[in-house]
Amino acid sequence: MHRWLFTGAAVVLILLAVQAVRLGKDVQSRIEALSSAATDNLQWTLSQAEVDYLKYRLAAMQTNDADDLVRLRRQFDIYYSRIATFRESAFYSGIRDNKEGELSLERLHRGMKAQAGLIDASDETLLSSLDELREMVVADGNDVRDLALIGVALQAETAGDERVQLHDLFLNLAIVVITLTAALTLTALMILLLFRRGQKLAALQAREAARTEAMVTSSLDAILMADEAGRITAFNGAAEEIFDYSAQEAIGLPFEDLVPVKSEMFTDKQLPSELRETDGRIRMTARRKSGETLPVEVSLTMSRSNGNEVLVSYVRDISRRLRAEEDLRRARDDALAGEKAKDKLLTVMSHEMRTPLTGILGSLDILDDLTPSPEQRKFLQAMRVSGELLLHHVNDVLELSRLEAGAEPEAVAPFDLAELVASTCDSLQAAAAKNGNELSVFCSLGATDCVLGRSRYVQQVLLNLIGNALKFTRDGAVSVDVMRTSGEMIEFSVADTGQGIAADDLERIFDEFIMLDPSYKRGSEGTGLGLAISQRLVRTMGGEITCESEPGEGSLFTFAVPLPPSDLQQCPQRIGHEQSRSGQKLLIIEDNDINRLLLEKMLGDFGHDVTSMSGGEDGIKALRTETFDLVITDISMPDIDGMEVLRRAREEHLADDTNIVALTAHAAEDDHSRILNAGFAEVLTKPIDRDALAGTIARHGRGDLDATKAAPPVPAHSDDSDIEQFVNAIGPDKAKHFLVEFCSDVRKLSEQLEQSEELTERHRQEAHRLAGSAAVLGLLELRASMLQLEEANTNVVPELCGLRTAWRSADGMLRHYIGAGHQADV
Ligand code: ADP
């Protein structure tokens, strides 16, 4: 645009200048013409002609004698030639072109011809014709005068034309000059404007350049530029620090000496493909001046500068970031390891606490049947409460870790909701009475009590809410309402008249480990997990739990969950012990002696014919020789586990028509679904509940369920000590036999460990088995030593003095039951 403007302006200026020059030249030539005598000459010549005429006339008038004739003739010649010039010369054509002038010239010519006859005659003739001559001369006077006047008129006319022409010329010249001046002024203005703009642009560019310079020098990233030959052309301060070269040293070095890019990049003038694919950023190993390498992140771009390709690279030292990432990764791994350790601890806790609890609560059931004295019953009850509370806490913690791990929720199945609510409240009546509370239930479910849902979740939430209501209410009332509010939804509400909860606390009671009032005398009766678990369970069922409360007045907990009605036929019926007390042929496979003995005792009491085996291999052998109505097998066993027993039994068609039930201390739902998926009919969880056991046999066993065949339980003694309870439960002879075997097994293991340097898998399994037995016998120190062996981190036999000490104190207790005959040394 500017270019065209300038070209146009230049053309106009040149044209104007040419025109000015042309006009100037014209003026000059005119001036020259004017300055020449040409115009003056005409006038002068005409005046001169008049003068010549007057001189000639004077000479004619004054001629008297022959002497004067010379002068006369000379004057005539002058006069004659002047007039002849007028007639002939082109210069005087203007006069000739004038009519008057022509006539005057003609007349003069004729007169002069006549006068020339007289002048050229002899002196005497001339002297005699002087008068005639004088007359003729005088007659010429008017024509000469006319000629002079014509000359003046012509001169005036010519001068007028000249003036007009000159005027036009000057006007044109003035116009051209003014236009030229205007054009020059405009051009000057434009140049000024452009100059100003140029100045501004230059200032802007200078600022930009300064900023870029500042950015480059202060950049934390190293900035390196390389030319087409791959030689470094620019190297900033950060680059000096990262690479240890000064800019002076670095400039000119091959780029790839510092950053290992492929040299073809420079010849191809294209970034390598890996860089193009990664947005031009890539991790590389750069090289310092000392040869030391460092991890860097490089960003490369190709750009053009002065028509040449240049490589611009930004290099960031990422060694610190990588170190930080590594630290973070390690911290994360440590945290995950910690999490794993926590999970493992919880699993171990589950197993290790549930196994002895099986023993304790199972023994309590048996002792209850043995008609204890009122005082003994009181202690038994206290033990049961503590045991169940402990189990409750263990279950709480396990449930939470299970939920946190995002385990598969309990499967949806039909169940009798009215029965579940009633039995849950029944089980809490004693707790209600303890605090002087009245616990009432109102259940309105419409057409059917049977619903489709997760019975265990519903029961656990109810237990938590009613349990809390009873815990935080003294001498008041707790009412439980269960109502079908719509086709699918059932609303549960638990209201109490207890201490209530402050409005500020209402939001946080559903958080984990929240116990609002530690001063409240509840002893160890809470973990602060009940409501957190309840909320998660209710949400898993697709509902929401809410609480309204007024301090001092009481609280109302409500939750509504979808529990669609189900076919009554599909609801499992609740079965009591009596119903299962028929003589079925049962096989128990359990490696833990005490659990096995307790199962034998419970099932024997129910009136069943029990065969028990202490390992999977023996169990398979028994299945090969006999047919059973039901098989109950432990899952974790040292030789072959319960899963393998099931697999082989099915593979060898050993018990095709017989259900196999799994027994496990692992409470996790994941394990349960894994076990059920393997093909077990049901999973029984330790500690074994007599009701649950009876229900399992009724559901999965064979034979008639005639309660009349039930054998009454055999009364026996009971005592406070664990060992005594055990002895009383299974009888002194059997107990002695077992205890002797137990002592011998402990001794055998100790001897093996003394002689071996390596702690084998077999040692660990034996330690695991003995730890379980020691727990049931209350030999806690010995159990702890065995567990240490089982879980030792290395395969080297650990220091055994702990085991020896534990054994010495256990031996003191056992000696009493098996006599002094056994060897106590370990
Ligand atoms: P905890 O095992 O301590 O009972 P929860 O999670 O079940 O744990 O309850 C958390 C806290 O909420 C309790 O410690 C108690 O302070 C408060 N709370 C729960 N239910 C009630 C209730 N019905 N009345 C008064 N306070 C309650």
Side-chain angles (χ1 to χ4, degrees), residues 18-61 69-121 126 133-173 176:
V18 169
Q19 183 66 1
V21 169
R22 211 173 56 76
L23 288 172
K25 277 200 169 159
D26 221 355
V27 169
Q28 194 184 9
S29 65
R30 297 247 168 194
I31 288 171
E32 271 170 15
L34 285 175
S35 65
S36 74
T39 46
D40 297 341
N41 207 23
L42 177 67
Q43 223 172 345
W44 180 83
T45 319
L46 289 171
S47 322
Q48 201 58 39
E50 208 175 353
V51 171
D52 291 343
Y53 165 72
L54 289 173
K55 279 184 181 171
Y56 169 54
R57 183 176 166 162
L58 190 65
M61 293 303 167
L69 288 182
V70 176
R71 182 174 154 232
L72 177 66
R73 282 194 176 106
R74 196 177 61 236
Q75 286 305 327
F76 175 79
D77 287 344
I78 293 171
Y79 170 64
Y80 182 91
S81 71
R82 184 77 62 191
I83 298 301
T85 310
F86 288 155
R87 285 196 68 221
E88 285 153 23
S89 171
F91 186 72
Y92 304 104
S93 60
I95 299 169
R96 291 197 296 272
D97 292 345
N98 187 290
K99 211 174 175 182
E100 293 291 316
E102 201 185 356
L103 287 176
S104 295
L105 271 179
E106 199 47 47
R107 271 194 303 274
L108 283 176
H109 179 62
R110 261 186 276 120
M112 277 200 329
K113 251 189 173 173
Q115 288 166 43
L118 295 177
I119 292 288
D120 290 337
L126 182 57
L133 185 71
R134 283 181 188 130
E135 267 177 45
M136 285 161 67
V137 171
V138 172
D140 281 353
N142 285 336
D143 285 324
V144 172
R145 178 103 224 124
D146 284 351
L147 272 184
L149 288 174
I150 287 167
V152 170
L154 269 180
Q155 179 65 27
E157 201 179 312
T158 312
D161 285 352
E162 285 286 336
R163 258 200 312 279
V164 169
Q165 277 177 16
L166 264 180
H167 173 266
D168 289 350
L169 193 61
F170 277 117
L171 194 67
N172 282 343
L173 189 61
V176 168

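Hydrogens, waters and symmetry mates play no part in the numbers below; they use all other heavy atoms, side chains included.
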Which residues share a salt bridge (charged side-chain N to carboxylate O under 4.0 Å, His left out) with R57, sequence neighbours left out: none
Under the side-chain hydrogen bond (donor to acceptor under 3.5 Å, both in side chains) test, which residues partner R96, sequence neighbours left out? none
Hits for salt bridge (charged side-chain N to carboxylate O under 4.0 Å, His left out) against R71, two or more places apart or cross-chain, chain-then-number order -> none
Which residues share a ring-ring contact (aromatic ring centres under 6.0 Å, His included) with Y53, sequence neighbours left out: Y79
Let me confirm one number: the CG-CG distance from N172 to L23, rounded to the nearest 0.5 Å. 5.5 Å
The side-chain hydrogen bond (donor to acceptor under 3.5 Å, both in side chains) partners of E100 (sequence neighbours excluded) come to none
Identify, with sequence neighbours excluded, every residue that meets ring-ring contact (aromatic ring centres under 6.0 Å, His included) alongside F86. Y92
Are the side chains of Y56 and I78 in touch, meaning some heavy atoms are under 4.5 Å apart? no
Where do M136 and G111 come nearest, in terms of heavy atoms and distance? CE-O, 3.6 Å
To the nearest 0.5 Å, tell me how far E88 CD sits from L105 CG. 10.5 Å
How long is the span from the NZ atom in K99 to the CD1 atom in I150, to the nearest 0.5 Å? 12.5 Å
Candidate pair V176 and R22, rule side-chain contact (heavy atoms from CB on, under 4.5 Å), full reasoning: CA-CA 10 Å; V176 168; R22 211 173 56 76; over 6 Å; no
All side-chain hydrogen bond (donor to acceptor under 3.5 Å, both in side chains) counterparts of R110, not counting sequence neighbours: none
I need the L118 CG to R134 CZ distance, nearest 0.5 Å. 12.0 Å
Quick one: side-chain contact (heavy atoms from CB on, under 4.5 Å) partners of A153, sequence neighbours excluded? none
Just so I know, are the side chains of L126 and L69 near enough to count as touching, which here means a heavy-atom distance under 4.5 Å? yes
Mind checking what makes side-chain contact (heavy atoms from CB on, under 4.5 Å) contact with S81, not counting sequence neighbours? none
Within a strict 4.5 Å, meaning less than it, do heavy atoms of the I83 and D140 side chains meet? no
Heavy-atom neighbours of Q165 CD exceed 12 at 6.0 Å: yes
Restricting to salt bridge (charged side-chain N to carboxylate O under 4.0 Å, His left out), what partner residues turn up for D52, sequence neighbours left out? R82
Could you tell me which residues satisfy side-chain contact (heavy atoms from CB on, under 4.5 Å) with V51, sequence neighbours excluded, listed by chain and number? Q48, K55
Could you state the interatomic distance from CG (L58) to CG (L72), rounded to the nearest 0.5 Å? 10.5 Å
For R73 and A121, work out which heavy atoms get closest and say how close. NH2-O, 2.8 Å
How close do L173 and A20 get, heavy atom to heavy atom, and via which atoms? CD1-O, 3.8 Å
Could I get the full list of salt bridge (charged side-chain N to carboxylate O under 4.0 Å, His left out) partners for D143, not counting sequence neighbours? R107
With a 4.5 Å cut-off on side-chain heavy atoms, are L147 and L108 touching? yes
Distance from I95 atom CD1 to D146 atom CG, nearest 0.5 Å? 12.0 Å
Would you say that more than 12 heavy atoms from the other residues, nucleotides or ligands in this model lie under 6.0 Å from the CD of E106, or not? yes
